[in-house]
Amino acid sequence: MSTSKSAFVFDNTFARSLEGFYIPVDGHQVPNPRMLHINEALATELGLSTDFLCSENSVEILAGKVKPEDTVTLAQAYAGHQFGAFSPSLGDGRAMLLGEIIDINGNRRDLQLKGSGPTPFSRNGDGKAALGPVLREYLISEAMHAFGVPTTRSLAAVTTGENVFRETALTGAVLTRVASSHLRVGTFQFFAARGQGEQVQKLADYAIERHFPKLIDQPDRYLRFLQSVIAKQIDLIASWMSIGFVHGVMNTDNMTISGETIDYGPCAFMDTYRSDAVFSSIDEMGRYAYNMQPLILPWNLARLAECLLPLLNPNDKDAAIEVATTEINAIPQAYEKVWLEKFAAKLGIFHVTEEDKELIQELLEIMEAEKADFTASFRKLSGVLLGDENNFLAQFNTLSSAHEWLETWKARLKTENKAIDDHIKRMDTTNPIYIPRNDLVEEALTAAEVASDLNPFRKLLAVVSKPFDRQSGAERYEVGASADARPYVTYCGT
């Protein structure tokens, strides 16, 4: 791999502080890298000009062909429970960390290439990525950001000039992913499974300094660290639920310490509401179904707590287990509180009460029984307060139950003594008009892959990047597949 000067200025604390937690790697020598799409707003946030990023040298860097000067490009080590089975050695099999950048707001951000070639963790894979999965992650991660959901971001998509081979030959591509860090629950598991307690402590100290610096001098910082990660993950999963998102692979190696959504593989948004919605082709048992995500949450966090036991109480394992168990057992109740707040906001409620849970559950049950559209049903609620019940009721086949629910809901809003406009604003800034509808996502990816036409991708990206604002000419982006459409299936891998 050649080396070149660039305007990238990296400060690589991970490489500098955590030797033994990674393996230095070089990217694959791709023949003809080309910039396909760049995130101008994110580039500005990172202090990088688009002209610089689109230069020949930068494109070669973002394809993994050229290594920036004065940085260690690396593959991180981690383990993980995958569908409940523990894999002690996973790691970045198709990803390479370029380094860390301090953005214009003073925040430290990882720049990672996804699809840049094989690493020692590739496990006989080629380490490459096809264009479709790269554009899927770009599209959905940026939509999540627009929804206000913590997520990794997408800076650039670069084609490599070579094919990758799956069932057939596909256009090769590399995604530049931006994250607060790529530390995972699985990173802790990698060292805990090997009995390397000093390494676990070193990792915990690094994670605290990077993500929770206020805890550094606290005598109980490891307990508070666990509590902080739990709080971030509770908020994240509740956010997924509030927008009808199914991640599809909630393995512990896909659960970040920062609380950001990561790894958009077999993920999808629901059109028709189904509490047990599954979109992944390999999730045959529904382990990561929509309604299972809150249940997997404490299971995954228990795996982190297990890794931290020696730090919670070095002298008394039983006491450490008791402390950790208390924290894990408190997750369902804490999650329900956050879930209730997020869904109450979707109904325009400001002052949440325990009774609001029944109101929300009743609506969800009606939506499921009537095969109503999740996104449209919530968005069209605000129109009811302006005298338009028809658009909301049009989501339901049997109007009596939905109409009865509306009366109960309107009576509930009256108890808050708020202006109608306040309730409407709360709903319309919480309930998106546009999501990455599954059929439109596939249409955009197919156009890019088959016809080298990025227009559908760019149009869909533009629409979902402003999901709460009605856009002229975007009517088709509001409509999902019918309840009778063929089940949507997504696939892992690149």
Side-chain angles (χ1 to χ4, degrees), residues 18 20-21 76-91 181-238 249-260 262 287-288 292-339:
L18 296 174
F21 289 65
Q76 294 185 353
Y78 50 84
H81 278 87
Q82 298 189 313
F83 288 88
F86 184 63
S87 296
S89 184
L90 296 172
S181 83
H182 285 82
L183 301 178
R184 312 157 188 259
V185 171
T187 316
F188 285 85
Q189 290 182 289
F190 183 90
F191 298 98
R194 289 161 174 76
Q196 296 177 301
E198 290 184 5
Q199 298 292 70
V200 172
Q201 183 170 3
K202 192 174 184 181
L203 180 61
D205 288 339
Y206 176 83
I208 289 170
E209 183 176 2
R210 183 156 180 179
H211 293 296
F212 310 103
K214 293 181 179 180
L215 303 183
I216 290 174
D217 296 325
Q218 299 298 320
D220 58 348
R221 62 185 178 277
Y222 300 120
L223 173 59
R224 294 196 180 195
F225 168 64
L226 175 61
Q227 292 169 337
S228 298
V229 175
I230 287 173
K232 283 185 173 291
Q233 284 294 332
I234 285 174
D235 184 77
L236 179 64
I237 307 308
V249 276
M250 277 183 68
N251 298 327
T252 56
D253 57 296
N254 290 335
M255 189 169 238
T256 61
I257 300 305
S258 65
E260 294 176 322
I262 193 171
R287 177 180 174 86
Y288 298 139
M292 288 295 294
Q293 292 178 146
L295 302 180
I296 293 297
L297 169 68
W299 194 93
N300 281 352
L301 289 169
R303 308 289 77 77
L304 174 63
E306 289 169 351
C307 298
L308 299 177
L309 287 177
L311 303 179
L312 298 178
N313 192 321
N315 302 314
D316 190 335
K317 184 177 180 180
D318 289 339
I321 291 173
E322 183 176 352
V323 168
T325 300
T326 297
E327 298 300 327
I328 299 302
N329 287 345
I331 290 174
Q333 184 175 356
Y335 166 81
E336 184 173 295
K337 182 176 183 294
V338 177
W339 176 91

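Keep in mind that what you see is a predicted model, and the values were worked out from it rather than measured.
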**Asked** If we only count heavy atoms from C-beta on, is the Gln227 to Glu327 side-chain gap below 4.5 Å?
**Response** yes
**Sidechain-backbone polar pair: Arg303 side chain, Trp299 backbone, donor-acceptor under 3.5 Å** = yes
**Asked** Any side-chain heavy-atom pair from Arg210 and Ile257 closer than 4.5 angstrom?
**Response** no
**Message:** Would Val185 and Asn300 count as a side chain to side chain contact (heavy atoms under 4.5 Å, CB included) here? Give the steps.
**Reply:** CA-CA 8 Å; Val185 171; Asn300 281 352; 5.7 Å; no
**Request:** Heavy atoms only: give me the nearest Thr252-Gly80 pair and the separation to one decimal.
**Result:** OG1-CA, 3.2 Å
**Prompt:** Just how far is it from atom CG of Asn251 to atom CD of Gln82, taken to the nearest 0.5 Å?
**Reply:** 5.0 Å
**Fill in**
Taken to the nearest 0.5 Å, the spacing of Ile331 CD1 from Leu295 CG works out to 11.5 Å
**Message:** Are the side chains of Gln218 and Leu223 in contact, using a 4.5 Å heavy-atom criterion?
**Reply:** no
**Request:** Determine the minimum heavy-atom distance between Ile262 and Arg184, stating which atoms define it.
**Result:** CD1-NH2, 3.8 Å
**Asked** Relative to each other, are the rings of Phe225 and Phe212 parallel, tilted or perpendicular (30° and 60° limits)?
**Response** perpendicular
**Request:** For atom CD of Glu322, decide whether the heavy atoms of other residues, nucleotides or ligands shown that lie under 6.0 angstrom number more than 12.
**Result:** no
**Prompt:** Between Asn313 (side chain) and Ala319 (backbone), is there a donor-acceptor pair under 3.5 Å?
**Reply:** no
**Message:** For Leu215 versus Ser228, what's the shortest heavy-atom pair and its separation?
**Reply:** CD1-OG, 3.8 Å
**Message:** Regarding Asp205 and Tyr222, do their side chains bring together a donor and an acceptor under 3.5 Å, going by distance alone?
**Reply:** yes
**Item:** Which atom of Ala334 lies closest to which atom of Ile234, heavy atoms considered
**Value:** CB-CD1, 3.7 Å
**Asked** Are more than 12 heavy atoms from other residues, nucleotides or ligands located less than 6.0 Å from atom NZ of Lys337?
**Response** no
**Message:** For the backbone of Thr256 and the side chain of Gln233, can you confirm whether one donor and one acceptor N or O come within less than 3.5 Å of each other?
**Reply:** yes
**Asked** Counting only heavy atoms not in Gln196, do more than 12 fall under 6.0 Å of its CD?
**Response** yes
**Prompt:** Should Leu203 and Leu183 count as side-chain neighbours, where that means a heavy-atom distance under 4.5 Å?
**Reply:** yes
**Item:** Side-chain heavy atoms of Ile237 within contact of Trp339, under 4.5 Å
**Value:** no
**Message:** Can you give me the closest heavy-atom contact between Ala324 and Leu309, atom names plus distance?
**Reply:** CB-CD2, 3.8 Å
**Prompt:** For the residue pair Val200 and Ala192, what are the closest heavy atoms and their distance?
**Reply:** CG2-N, 3.6 Å
**Request:** With the side chain counted from C-beta on, respond yes when Leu297 and Met255 share a heavy-atom pair under 4.5 Å apart, and no when they do not.
**Result:** yes
**Asked** Should Phe21 and Phe190 be marked as a ring-ring contact (aromatic ring centres under 6.0 Å, His included) after you check the CA-CA gap, both sets of side-chain angles, and the distance that decides it?
**Response** CA-CA 9 Å; Phe21 289 65; Phe190 183 90; 8.4 Å; no
**Prompt:** Atom NZ in Lys232, atom NE2 in His211: separation rounded to 0.5 Å?
**Reply:** 8.5 Å
**Request:** Flag the pair Gln189 / Phe86 as yes when at least one side-chain heavy-atom distance between them is below 4.5 Å, and no otherwise.
**Result:** yes
**Message:** Restricting to side-chain contact (heavy atoms from CB on, under 4.5 Å), what partner residues turn up for Ala302, sequence neighbours left out?
**Reply:** Ile328
**Prompt:** Below 4.5 Å, heavy atoms only, C-beta onward: do Gln76 and Leu18 meet side chain to side chain?
**Reply:** no
